[in-house]
Every structure is written in structure tokens, then in C-alpha cells.
Amino acid sequence: MNLDSIGVYIHIPFCVRKCRYCDFPSFGGKNDIDSYFKALFSEIHNEGETEGRTADSVYIGGGTPSLVPPFFIRELMDILRKKYVIGENAEISMEMNPGTIDSEALKVYFEAGINRVSLGCQSFNDRSLMRLGRIHSSADAIKTYDMLRKQGFNNINLDLMSGLPGEEAGDMERSLDKALELGPEHLSVYSLIIEPGTEFHRMYEEGELEDLPSEEELEETDRMIRSILEKNGYMRYEISNYARSGRECVHNIRYWTRGEYRGYGLSAASLIGNRRFTNTRDLVYINQPGAALQEDRILSREEEMQEFMFLGLRMVSGVSSRDFRDCFGEDIGKIYGKQLEDQIKNGFMEYDGDRYRYNDRGLDVSNRLMSEFL
Ligand code: SF4
């Protein structure tokens, strides 16, 4: 990663309807799309601080960016190219959902420079897709994937979810087999989390989600996922992310290594130097683009150190003591010696003279371990 470059994130908060597990900032329906883009473009136009810098990654996420009329994506890319230097090798990702795309739209995205697609499949089991409240079937996902390849996209991520309610033995394995048959460059496999405020949370509270897997079943599934993916040439490089060699997501690595990024749109977060600021999650954004902030603060040195640890340790490559010293002028052992020593002694972490990294056992319980650095 070029240290002078930044990443750019764009949030598009519209979806066909809300999935039952979703707590992302997104709204069902297409109302407000025109006024949203007007606000988004105005926020980008008004940005001065990062203007002119090289963006080596752009990530258009949501929501469902593939739901909006494609000319908005073309215009967005034109505006970003005027604001930033976006080189030929920049990674330009866009999230898409099966059931929202046709070949005409794909052509527009491709010509606008989108060169990496993250396709929200979640499962190849139709029963699970229905239960999650997804708008598509597994056949829709396969059809969309084929259309993407036909259009020329050669860097595709598939999103899958594990730990779904009602899944029977073999269901996750069959979903993985289907994904492997398609042969994407990257796979993200996230465990279902029942987040407050979601439909699943209400169902859980009312006893309607009694068929969730147990902790032991989840751990067993995680081991199975890792083993199948690694056998098939997808290396785990972050807790939930696997890629063929050289196809790791540049944009997300920037988040985990605390590179600078500028986020635009509702709920988008930015990290510039030691300033972290986040736009509001509310649609008032439309009337106050970039002015209605939910958070805007200068991180203390202690907070920056904590972030360095708990973000960096998400990655299989872990954190470097040299980088820590370069960033903070302190020895990592002086600040976190006790935690690091304990985690090595307990068999969760390895140290090679520079890097501290979790082994598979550590990554499986990393949430608990990483909280020790807070
Ligand atoms: S498509 Fe994605 S962002 Fe939209 S509601 Fe479903 S999970 Fe949330």
C-alpha cells in the first residue's frame, strides 16, 4: 500500500427491501434516490482536504448499489476521477445483489471502470435465502455470476453466511461446493449475528429462532469452511475473508492496517490522520450532506494504539513490532507485553521476531482475545 494514497468509500443506502438480519444503514424502496445522489455529489464536490490525492481503492457499498439507475454510478465515477487521481491499477469495487442487475447495467458499470464485484449470495440454499428475507434464489445468484463473467469482470467476491437458522448437516458444505464450482477470486464467509433492531432479533426474543446452531456446531462449521477453502486454494487472510493468491481486497486491508480513507454518503466513516469522522445514519443527510456528523473526533494516542492492535490482529499476517515503533515511537512489548505474552503462552498467538499473529485457534476466538487490548 502506498502510504500517501487513500481509499474512497461511497455508501448507497437503498435496497429492494430489508433483509431480516440486516443492521446496515439501508432502506427498503427507491424513494429519495435522486435527492440522495444530489447530496452525495455535493458532499464530494465540497471536499477540499483530500482533493488531488491518489486513490488506490474505491469501494461502492451499501445497501444495494446495483439497485440505482446505472447512470448514477457512471456519473459518480466521473466525479471521483475529477476529485482524485485514480490510476489504472486502482481497485474499484462495487457491491451487487442478484436479482437487481441486467446485462445493460453491467456494461455501464464495466465501462465506468468498476473492476471488482462483491456479489451478495449469502447461501446457495433456497430455504435459507427465504428465511433470511433475501429477494433472490440461488439460481438468480448463479445467473448473475455468469453475466458478470460474460461482461468481463475478472475479480469477483462472493459473500456467504454461516450459522443460519434451520440449516441441516451438509447445507453449508453444499453452499461452499456451489461457490467453488463457480470459482470466484475471493470469498467472504461471515457468521450470522443477531443484531439488535433487526427482524431476526425480534424473532429471537419471541422464541421464533429456536433452530440456531450451538456454539460447538458453529466452531465445527468454521473449521470445515477453513479446511475446504484452503484445500481449494483460497487462503484465509482475515478472520472471515479468503482469497486466491494476489486477490486479497486492497480496500479492506486499508481498514485493517489503518490506512487513510475518505467515506462519502450516509453513515460513511473517514480516517484522515488521527481524525475519525462519520456521517449521520439518518436520511437528514440529504439536506445536510457531509455536515450532519454522527461522530467527529481526534483519536488519542492510546486509542490509535488500540486500533492498531485490534484491527491488525484481524489479519492472518498480524501486527509488526517494527511498524508499531515507527507509528508510535514505543516498544510494543512495553505497552502490550502482558497481553501478548499471555496469548502466546496460552497457544493462541505466534511471534516470529517481528510480527505477532493469531494462529487458527486464536482467530476462532479473536473477539475475546482482541478485547484484551482495549
Ligand atoms: S441487501 Fe444487504 S444491505 Fe440490503 S437489506 Fe439485505 S443485507 Fe441489508
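Counting starts at 1 for both ligands and their atoms, in listed order.
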### Message
Does the structure place the NZ or CZ of R254 under 6.0 Å from the centre of the six-membered ring of Y261, at an angle of no more than 45° from the ring's axis?
### Response
no

#### Entry: 2.8 Å cut-off met by an N, O or S atom of C19 to atom 6 (Fe) of ligand 1
yes

### Task
Answer with yes or no after comparing the ring centroid distance for Y285 and H11 against a 6.0 Å cut-off, counting only values under it.
no

### Query
Are Y356 and Y336 close enough, and set up right, to give a side chain to side chain contact (heavy atoms under 4.5 Å, CB included), and what steps lead you there?
CA-CA 11 Å; Y356 290 91; Y336 294 117; over 6 Å; no

### Message
Taking 4.0 Å as the limit for heavy-atom contacts, which would you say applies to T64 with ligand 1: side chain only, backbone only, both, or neither?
### Response
side chain

### Summary
Paired with R276, the salt bridge (Lys or Arg N to Asp or Glu O under 4.0 Å) test is passed by just one of E307, E295, E303, namely E307

### Summary
Within 4.0 Å of some non-hydrogen atom of C15, the atoms of ligand 1 are 1 (S), 3 (S), 4 (Fe), 5 (S)

### Task
Taking the six-membered ring of F328 (Phe, Tyr or Trp), confirm whether the NZ or CZ of R325 is under 6.0 Å from its centre and within 45° of its axis.
no

### Query
Among all protein non-hydrogen atoms, which one is nearest to atom 2 (Fe) of ligand 1, and what is the separation to 0.1 Å?
R134 NH1, 4.0 Å

### Heavy-atom closest pair, residues N115 and I92
OD1-N, 2.7 Å

### Query
Of all the atoms in ligand 1, which lie at a distance below 4.0 Å from a heavy atom belonging to C22?
3 (S), 5 (S), 7 (S), 8 (Fe)

### Task
If you have a sec, work out which protein heavy atom is nearest atom 3 (S) of ligand 1 and how many Å separate them, to one decimal?
G63 N, 3.3 Å

#### Entry: Atoms in ligand 1 with a heavy atom of N97 nearer than 4.0 Å
1 (S)

### R17: numbered ligand 1 atoms lying under 4.0 Å from its heavy atoms
5 (S)

### Task
Decide if the gap between the ring center of Y255 and the ring center of H251 is smaller than 6.0 angstrom.
yes

#### Entry: Best match, Y21, F14, F27: closest heavy atom to atom 7 (S) of ligand 1
Y21

